[in-house]
Every structure is written in C-alpha cells, then in structure tokens.
Amino acid sequence: MPAKKEHLDPPDFPHSRLLRWYRQHRRKLPWRPRKKTNTDPGVVVNPYHVLLSEAMAQQTQIATVVPYFERFVAAFPTVHDLAAADEQQVLKLWQGLGYYRRARHLHAAAQTIVEQHDGKVPCTVDDLLNLPGVGRYTAGAIASIAHNQPAPILDGNVARVLARFDRIETPVNDPLTLKQLWARSEQLVQSAPKASRGDFNQALMELGALICTPPPGSPKCLYCPLGNDCRAFADGRVEQLPVKTPKKKPTAVTHLVVAIEKNGKLLFEQRPPKGLWSNMWQLPTWELPPEARDSDSPPAGRGRGRVPKPKTYRAHSDKPEASSTLPQPLPAGGALKAHLRERFGLNVAAPGFVDVFKHQTTHRTITFRVYRTSAKAGRLKPRTGQWRRPDELHDLPLAKPQLTALTLLK
DNA sequence: AATTCGGGGGG
DNA sequence: CCCCCAGAATT
C-alpha cells in the first residue's frame with residue numbers, strides 16, 4: 001500500500017491544526033456521519049440531508065435546527081418525498097422556525113431536483129445556485145460538505161474567524177470587505193487537503209461557533225487551534241473584531257386579532273404568498289397603519305393590511321385596576337363589524353377585549369391586541385377562510401404570535 | 001446598496 | 001436589554 005501523501009500547509013494558515021481540532025471536538029449532528037469524517041471510505045454523506053440542514057440553518061443556530069431536522073427527515077425521508085409533499089404540510093413542519101419563505105423555497109428546490117437532476121442534489125456550485133433558496137453560501141456549503149468540492153463558504157462564523165485571523169478592521173458587511181473575505185475563503189479551501197474540503201469548511205464554522213465566539217462574552221482563544229497565528233489575538237484585538245456597521249432599529253406597529261366563534265369553531269384565514277408569515281394561517285388579523293391610529297375612518301379598501309381603527313384609545317378608564325400599565329383600547333365596534341361583514345360576509349356581535357402582548361421581529365415590534373366575538377348570521381364568503389375547532393389545528397401552519405393569541409383565548 | 005423576510009440563544 | 005445566528009431574495 002502506497003504511503004499516504006502528506007499535505008503541506010501553506011505558510012499563512014495552519015490547516016492541519018484546525019482539521020485535527022475539528023475531528024476531535026466537532027459536535028455530533030444528525031446530518032453528519034456518526035464517527036468518521038465525511039471523506040473516510042465507506043462513510044457517505046447524504047446530500048439531501050445536507051440540503052435540508054443548510055436550508056434550516058440559514059440565520060438560525062444549529063441547536064435550534066436539530067429537532068426540526070429530525071422531524072423533517074422522519075416525514076420526508078427522501079428528496080422525492082419532499083417534492084411530492086403538500087406545501088401546507090411542509091410549512092406545518094417548519095412552524096416555529098421562522099423565515100417561512102425558506103420552507104417554500106426548499107420545497108420548490110426538491111421539485112427542481114427531482115424534475116431536472118434525476119433526484120440527485122447537484123454537485124456544482126452553478127447548478128446549486130439555480131435552486132430556489134440557495135445562494136452563494138449554501139451552494140458552497142452543499143458542494144463542499146456533500147460532494148467535497150473545493151467551493152468557498154462565507155457565513156457569520158467564517159466572516160468572524162477570518163476577520164480576526166487576518167485582523168481585518170473594515171466592516172465585515174462592507175461590499176469590498178465581503179469580496180476580500182470570499183477570496184480568502186476560496187484560497188483557504190483550495191489549499192486544504194484534497195480529501196477534506198468539506199471538513200475544512202465545517203471546521204471553520206465549528207471554530208466560529210465553539211471557540212471564536214461573537215460578543216457578548218469572550219472567545220476562547222486559549223483553546224483555539226489557530227493559536228498565535230491569529231493576528232487579532234497576537235495584537236490583542238480579538239474582542240474588537242469584527243467591526244459591523246450599526247443596524248436599523250425596529251419600528252413599532254400594532255396588529256388587531258379578532259377571534260370569531262361560531263358553533264364551537266374559530267375562523268382562520270391564510271396570509272398572502274408574500275411578506276411577513278407568507279402563506280401561514282391566522283385568526284383574522286389587521287395591521288393598524290400608524291397614520292390612521294387616531295382617526296375614526298373605516299378601513300380603506302378590502303385587502304389584508306387594511307385597517308379597522310379603534311374608536312378610542314381610552315377605555316376601561318372607569319376600572320382603575322384593570323390597567324396598571326397601558327390603557328386597554330376597544331376596537332371601533334361599528335367600523336370593525338362593517339369590515340368583517342364586507343370581507344367575510346359575517347355579522348358579528350360587539351367584540352370584547354381579551355388581552356394584549358408584544359411580538360418581536362427583526363424589523364418590527366408588534367403589539368397584538370386580541371379580541372373575541374361570535375358570528376350571528378351570514379354565510380362565510382367562499383375561499384375567504386376556514387372554520388376550525390381550536391383543538392383541531394394540527395394541519396394549519398401558524399406563526400408564533402397566533403399560537404400566543406390562541407393560548408390567551410383559552 | 002438597502003430592506004425585508006422569525007424566532008430564539010445567551011450574556 | 002442587547003447582538004447574533006451555517007443568508008437569500010427583492011427593490
């Protein structure tokens with residue numbers, strides 16, 4: 001048997017130490033081979049599993065992904081099963097994970113793979129980039145992890161590791177810096193041992209997740225396999241890097257939720273295919289436009305997002321202890337009732353206030369005001385919603401605030 | 001080049 | 001309370 005050729009590290013990066021560290025300390029993840037590395041003989045990475053995990057891991061911590069991944073693989077063991085699935089079922093399994101567009105992109109990607117790639121996850125970055133929901137990072141990750149291609153990756157972890165290792169002081173989200181980081185990532189994966197391209201990329205990310213951690217808190221530089229080769233560490237600048245440009249603050253908005261009961265069932269509607277919580281279901285909900293909050297006009301037009309406005313902000317003022325914090329506004333009974341009649345063809349009793357809670361997203365702080373009423377007469381307009389018993393929502397994908405509202409209604 | 005897509009982890 | 005997370009698509 002011929003002696004295994006030794007890989008020589010380039011002078012400016014200790015590939016060998018990083019790979020050795022990775023093989024000892026990597027987390028056990030359900031899409032990783034059990035004990036060996038992904039390039040050992042007899043150990044095969046499942047490219048479909050890699051696709052699933054990468055789609056779920058976008059902007060999401062790995063620990064959060066794991067249980068979702070397990071349920072997904074159980075429900076859709078192969079890419080064919082996923083391609084043939086109903087989108088509502090895919091969204092239901094994605095419920096709680098956020099960025100629901102990813103689920104629909106993944107579903108469409110599975111169908112593309114079945115129809116155009118004979119059910120096999122593509123090997124090349126170019127083919128991968130043509131899949132919906134697959135961008136530069138995900139294409140590189142799948143190509144390298146599933147197929148051991150020398151394709152570069154750049155995610156939050158790698159950007160942080162490289163910015164520190166190379167002591168890059170410019171903002172890592174600056175386009176020029178991004179270009180530099182991508183070039184560095186490519187150089188590094190191409191100079192990694194040929195049999196370990198996937199492991200090398202995963203090692204960079206694993207280092208960022210376990211050792212070269214983001215603030216708050218300190219990175220564990222004393223345990224870092226890169227040691228003093230890291231320029232930021234050598235110069236005492238690790239805690240100052242990477243530099244990021246400040247982000248915009250979320251805007252405050254208010255959503256009105258109305259639970260309409262009839263014969264023990266509640267009315268649910270589906271959100272539009274674009275925007276927040278696309279294609280998810282909800283109790284009838286409207287966003288209150290900031291400019292219309294204090295006026296007394298009925299909602300303009302009939303689309304989602306149009307707003308029945310509260311008649312007044314001061315309510316329950318005759319009950320002092322009812323509101324130790326904020327006043328509990330009541331919806332404009334007349335305008336709201338007219339709106340429900342126009343939109344769903346339903347006549348409802350005067351809505352009663354149930355509760356209020358806040359929901360935080362990246363770009364909004366949403367105050368949800370929950371009301372309850374019952375439908376008295378009128379037939380539901382076709383295709384405007386569904387009546388569901390609250391204990392039979394197992395197939396309806398619902399976002400977090402809707403689950404919260406349903407809990408408060410019980 | 002900027003914004004918009006969720007929800008949770010963790011200091 | 002804050003920033004961050006195995007980013008992508010849209011404008």
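In what follows, chains are A, B, ... by sequence order, proteins preceding strands, each numbered from 1.
Nucleotides B/dT4 and C/dA6 place their P atoms 24 Å apart, quoted to the nearest Å. Across B/dG6 and C/dT11, the matching P atoms stand 15 Å from one another, rounded to whole Å.
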Show the atom names and distances, to 0.1 Å, of all donor-acceptor pairs under 3.5 Å that link a side chain in residues 398-410 of chain A to residues at least two apart or in another chain.
from     : atom 1 : to       : atom 2 : distance (Å)
A/Gln402 : OE1    : A/Leu283 : N      : 2.9
A/Gln402 : NE2    : A/Thr285 : OG1    : 3.2
A/Thr404 : OG1    : A/Lys400 : O      : 3.2
A/Thr407 : OG1    : A/Leu403 : O      : 3.0

Which pairs would a plain distance check flag for residues 215-238 of chain A, meaning a side-chain donor or acceptor within less than 3.5 Å of a matching protein atom at least two apart in sequence or in another chain?
from     : atom 1 : to       : atom 2 : distance (Å)
A/Ser218 : OG     : A/Glu239 : OE2    : 3.3
A/Asp229 : OD2    : A/Arg17  : NH2    : 2.9
A/Asp235 : OD2    : A/Arg167 : NE     : 2.7
A/Arg237 : NE     : A/Glu169 : OE2    : 3.1
A/Arg237 : NH2    : A/Glu169 : OE1    : 2.7
A/Arg237 : NH2    : A/Glu169 : OE2    : 3.4

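For A/Tyr99 and B/dG8, the OH to C1' distance is 12 Å, given to the nearest whole Å. Rounded to an integer number of Å, the gap from A/Tyr137 OH to C/dC5 P is 12 Å. Going from atom CZ of A/Arg364 over to atom P of B/dT3 covers 14 Å, rounded to whole Å. Rounded to whole angstrom, the span from the CZ atom of A/Arg102 across to the C1' atom of B/dC5 amounts to 10 Å. As rounded to whole Å, 14 Å separates atom C1' of B/dA2 from atom CG of A/Asp174. One interatomic measurement links the two molecules: NZ of A/Lys400 to C1' of B/dG6, which rounds to 10 Å at whole-angstrom precision. In this structure, A/Leu403 places its CG atom 9 Å from P of B/dG7, rounding to the nearest Å. Rounded to whole Å, the distance from CG on A/Asn130 to C1' on C/dA8 is 14 Å.
Without hydrogens or angle criteria, A/Asn148 side chain to A/Lys194 main chain gives a donor-acceptor distance under 3.5 Å. A/Asn279 places no side-chain N or O within 3.5 Å of a backbone atom of A/Tyr100 that could act as its donor or acceptor partner. Judged by distance alone, the side chain of A/Thr373 and the main-chain N or O of A/Ala349 form a donor-acceptor pair under 3.5 Å. Here the side chain of A/Arg102 pairs a donor or acceptor atom with the backbone of A/Gln58 at under 3.5 angstrom.
Proximity of A/Trp31 to the phosphate of C/dA6: no side-chain N or O atom is located under 4.0 Å from OP1 or OP2. At least one side-chain nitrogen or oxygen of A/Thr138 sits closer than 4.0 Å to the OP1 or OP2 atom of C/dA8. An OP1 or OP2 oxygen of B/dT4 is reached within less than 4.0 angstrom by a side-chain nitrogen or oxygen of A/Lys248. At the phosphate of C/dC5, OP1 or OP2 sits under 4.0 Å from a side-chain N or O atom of A/Lys244. Contact check, A/Tyr100 against B/dG7: a side-chain N or O comes under 4.0 Å of OP1 or OP2. Dashed line: the shortest gap from a side-chain N or O of A/Lys247 to OP1 or OP2 of C/dC2 is not under 4.0 Å.
The aromatic rings of A/Phe368 and A/His255 sit perpendicular, their planes meeting at an angle over 60°, well past the 30° parallel limit. Between A/Phe69 and A/Trp31, the ring planes are perpendicular. Angles over 60° get that label, and only those under 30° would be called parallel.
A/Ala63 comes within contact range of no nucleotide atom at all, as no heavy-atom separation falls under 4.0 Å. At the heavy-atom level, A/Gly208 lies nowhere under 4.0 Å from the strands shown. Nucleic acid contact for A/Ser53: none, since no nucleic acid atom lies under 4.0 Å from a heavy atom of the residue. A/Ile62 comes within 4.0 angstrom of a base, heavy atoms only. Contacts of A/Arg104 with the nucleic acid, taken as non-hydrogen atoms under 4.0 Å apart, are absent. A/Leu207 comes within 4.0 angstrom of nothing in the nucleic acid, heavy atoms only. At a threshold of 4.0 angstrom between heavy atoms, the contacts of A/Leu97 include nucleobase atoms, whether or not backbone atoms are also involved.
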Pairwise N/O distances under 3.5 Å, protein to nucleotides 9-11 of chain C:
from  : atom 1 : to       : atom 2 : distance (Å)
C/dA9 : OP1    : A/Gly133 : N      : 2.5

Taking N or O atoms only and anything under 3.5 Å, show me the protein contacts with nucleotides 9-11 of chain B, one pair per line.
from  : atom 1 : to      : atom 2 : distance (Å)
B/dG9 : O4'    : A/Gln61 : OE1    : 3.2

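If you check distances only, the side chain of A/Thr361 never reaches the base of B/dG7 with a donor-acceptor pair under 3.5 Å. Counting distance only, with no hydrogens placed and no angle test, the side-chain atoms of A/Thr60 and the base atoms of B/dG6 include a donor-acceptor pair under 3.5 Å.
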Residue pair A/Gln88, A/Trp281: steps toward the side chain to side chain donor-acceptor pair (under 3.5 Å) verdict
CA-CA 10 Å; A/Gln88 289 296 304; A/Trp281 288 74; 2.9 Å; yes
Does the pair A/Phe13 and A/Phe165 meet the rule for a ring pair (Phe, Tyr, Trp, His ring centres under 6.0 Å), with working shown?
CA-CA 9 Å; A/Phe13 196 92; A/Phe165 186 83; 4.8 Å; yes
One pair to check against side chain to side chain donor-acceptor pair (under 3.5 Å): A/Arg32 and A/Gln202. What are the steps and the verdict?
CA-CA 10 Å; A/Arg32 281 181 182 165; A/Gln202 292 185 83; 3.1 Å; yes
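Contacts between residues 176-187 of chain A and DNA chain C, defined by a heavy-atom separation under 4.0 Å, are absent.
Each of A/Pro175 and A/Pro401 lies near DNA chain B, and the nucleotide nearest A/Pro175 is the one positioned closer to the 5' end. Both A/Pro214 and A/Gln59 sit near DNA chain C, but only A/Pro214 has its closest nucleotide nearer the 5' end.
DNA chain B contains the following stems of three or more consecutive Watson-Crick or G-U pairs, with both distances under 3.5 Å: B:1-5 with C:7-11, B:7-11 with C:1-5.
In this structure, a donor-acceptor pair under 3.5 Å is absent between the side chains of A/Ser144 and A/Gln149. When only modelled atom types and interatomic distance are considered, A/Ser16 and A/His7 share no side-chain donor-acceptor pair under 3.5 Å. In this structure, a donor-acceptor pair under 3.5 Å is absent between the side chains of A/Gln111 and A/Glu115.
Relative to the side chain of A/Arg160, the nucleotides C/dA6, C/dC5, B/dC5 differ in distance, and C/dC5 lies closest.
Cation-pi geometry between A/Arg197 and A/Phe200 is not met: the NZ or CZ atom fails to fall both under 6.0 Å from the ring centre and inside 45° of the normal.
Using a 4.0 Å cut-off between a side-chain N of Lys or Arg and a carboxylate O of Asp or Glu, A/Lys92 and A/Asp86 do not qualify as a salt bridge.
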